[in-house]
Amino acid sequence: MTIDPATIEGQSLLERVKAILWRPQTTWDAIAAEPAETQQLYKGYALPLAALSGLCAAVGSLLFPWAAGGFSTRYTPADAVLGGVLHIALWLASIYIMARVTLALAPRFGSAANRVQAHKLAVYSSTAALLAGVFSLHPMLSWLAVLGLYSLGLLFIGLPRLMNTPDEKRAQFFAAIVGLTLAATLVLFIAMGSLRNAASALFAEIPMLQLTQQQPRAAAASIARETSDVEEHVRRYLRGGPTIDHTRLVEQMPETLPGGFRLETSSSATAMGTAQARGEYRNGDARIDVTIVDLAGDGAVVALTPVADVRENRFDADSYARAQRIDGRLYAEQVNRSGGSATYAVLGRGVALSAQGTDVTADQVRAAVETISIQRLERAFGD
């Protein structure tokens with residue numbers, strides 16, 4: 001089946017999307033022969049699809065909790081809107097980058113260096129990836145975003161038709177376009193992440209938005225009150241002020257812990273204003289995972305989990321769980337002797353510290369926490 005270029009030129013946005021997805025070969029042939037203006041390609045095709053993707057991302061992040069950097073969190077309305085706008089901007093920028101990369105590399109791979117054709121290729125090949133953004137409406141659908149990889153197939157099919165790429169050089173040209181575009185987009189993504197964090201901090205200073213920004217702290221405390229009596233005191237542990245540098249937290253992980261445990265891996269991240277560091281320690285098959293969390297931002301609720309899990313003090317022949325308040329801090333401990341698992345956590349003043357282990361004893365996870373020292377962390381990071 002062939003498509004007349006005159007016919008495709010009059011297609012609606014939906015018809016063109018369907019055509020490129022379901023009949024890529026014939027649609028690419030028609031697009032190659034179709035006259036086009038670069039500005040209209042973005043305004044009439046890329047922007048609406050990117051806007052749909054950004055809208056779904058904003059609505060999904062606002063209505064449902066999402067996991068990020070080890071946190072499970074809801075976005076504030078201001079952050080959701082900002083995220084959606086940056087989502088759109090990143091997509092449009094990445095498409096433009098792909099077009100520029102394609103145009104610059106074309107002569108190296110025996111292809112035609114045609115500016116309009118390069119932009120056509122970048123815009124229309126991104127169709128599947130842009131549409132995959134609708135799956136950000138709900139966390140349970142997010143895995144379906146893998147369908148967006150079909151855009152790679154569209155790019156591969158379109159190369160010889162729009163850029164006159166020889167068959168023997170198509171694979172290399174394809175790999176070069178994808179690799180350089182991903183590298184440049186990653187740099188842009190990191191820059192936009194910094195911009196988003198700066199904008200979020202600015203929102204916190206705007207009076208009309210302060211209530212929205214403070215809601216996560218109130219929500220975290222509310223959730224805590226509902227889950228157990230111990231967590232009624234959680235609000236006093238949430239720290240105000242700016243987010244700390246997460247790399248400072250990971251620096252608190254010692255190379256060794258009592259019992260012959262050595263640090264295997266460590267990482268740190270900041271998500272929604274909350275800094276967190278993790279360290280994995282091993283001694284043979286025994287493992288201890290240490291977590292340090294700065295109790296600021298709406299991601300801080302993750303630090304409450306080890307304490308909140310202890311709904312009541314209980315003891316039996318095989319296991320026990322207990323929580324208590326000592327010197328203004330909340331301590332929680334859970335041990336399963338037959339399973340060889342143990343957890344020891346402390347919710348301190350502005351910072352939380354926990355150790356969870358497998359094939360370990362209660363004394364070993366307690367020693368891990370005591371070695372790092374909640375008191376020392378409070379002096380460095382707490383209120």
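- By the 6.0 Å contact criterion, CD on Gln375 is enclosed, its count of non-hydrogen atoms from other residues, nucleotides or ligands being greater than 12.
- Residue Lys43 comes nearest to Pro48 through the heavy atom pair O-CD, 3.5 Å, listed as atom of the first residue, atom of the second, then distance.
- Of all heavy-atom pairs spanning Ile157 and Trp28, the tightest one is CG2-CD1, 3.6 Å.
- Between Phe174 and Phe156, the ring-plane angle classifies as perpendicular under the 30° and 60° cut-offs.
- Residues Thr247 and Asp245 bring a donor and an acceptor atom of their side chains to less than 3.5 Å of each other.
- Here the CZ atom belonging to Arg282 is positioned 7.0 Å from the OG1 atom belonging to Thr358, to the nearest 0.5 angstrom.
- Using a cut-off of 4.0 Å between Lys/Arg side-chain N and Asp/Glu carboxylate O, Glu378 and Arg329 are scored as salt-bridged.
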For residues 86-99, run the donor-acceptor check on the side chains, cut-off 3.5 Å, and write out each pair with its distance to 0.1 Å, sequence neighbours left out.
residue, atom, partner, partner atom, Å
His87, NE2, Ser53, OG, 2.6
His87, NE2, Trp91, NE1, 3.4
Ser94, OG, Leu90, O, 3.2
Ser94, OG, Trp91, O, 2.8

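- Scanning all heavy atoms of the two residues, the minimum distance from Ser111 to Thr165 falls at OG-OG1, 2.7 Å.
- Judged purely by atom type and a 3.5 angstrom limit, Ser142 uses its side chain to pair as donor or acceptor with the backbone of Pro139.
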Requested in this report: Check the pair Val290, Leu353 against side-chain contact (heavy atoms from CB on, under 4.5 Å), reporting the backbone distance first and the verdict last.
Outcome: CA-CA 7 Å; Val290 175; Leu353 172 63; 3.9 Å; yes
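- One distance of note links CZ of Arg262 with CG of Asn283; it measures 9.5 Å at 0.5 Å rounding.
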Query raised in the report: Should Gln117 and Lys120 be marked as a side chain to side chain donor-acceptor pair (under 3.5 Å) after you check the CA-CA gap, both sets of side-chain angles, and the distance that decides it?
Result: CA-CA 5 Å; Gln117 297 293 73; Lys120 285 183 186 178; 2.9 Å; yes
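- Taking all atoms of both residues into account, the shortest heavy-atom contact from Ala380 to Arg248 is O-NH2, 3.7 Å.
- Counting all heavy atoms, side chain and backbone alike, Leu263 lies closest to Gly279 at CD1-CA, 4.0 Å.
- One distance of note links CG of Asp294 with OG of Ser268; it measures 12.0 Å at 0.5 Å rounding.
- Side chains of Thr127 and Tyr150: no donor on one and acceptor on the other come within 3.5 Å.
- When the shell of 6.0 Å around CZ of Arg170 is examined, it contains more than 12 heavy atoms from other residues, nucleotides or ligands.
- Leu103 and Leu121 are not part of a single hydrophobic cluster, where members link through side-chain heavy atoms under 4.5 Å apart.
- A donor-acceptor pair shorter than 3.5 Å can be found between the side chains of Gln252 and Arg376.
- Heavy-atom contacts from other residues, nucleotides or ligands closer than 6.0 Å to CD of Gln39 number 12 or fewer.
- To the nearest 0.5 Å, atom CD of residue Gln356 and atom CZ of residue Arg278 are 8.5 Å apart.
- Remark: Leu377 CG to Leu249 CG distance equals 8.0 Å, nearest 0.5 Å.
- Rounded to the nearest 0.5 angstrom, Leu130 CG and Ser151 OG are separated by 7.0 Å.
- In plain terms, the two heavy atoms of Leu13 and Tyr45 that are nearest each other are CD1-CD1, 3.4 Å.
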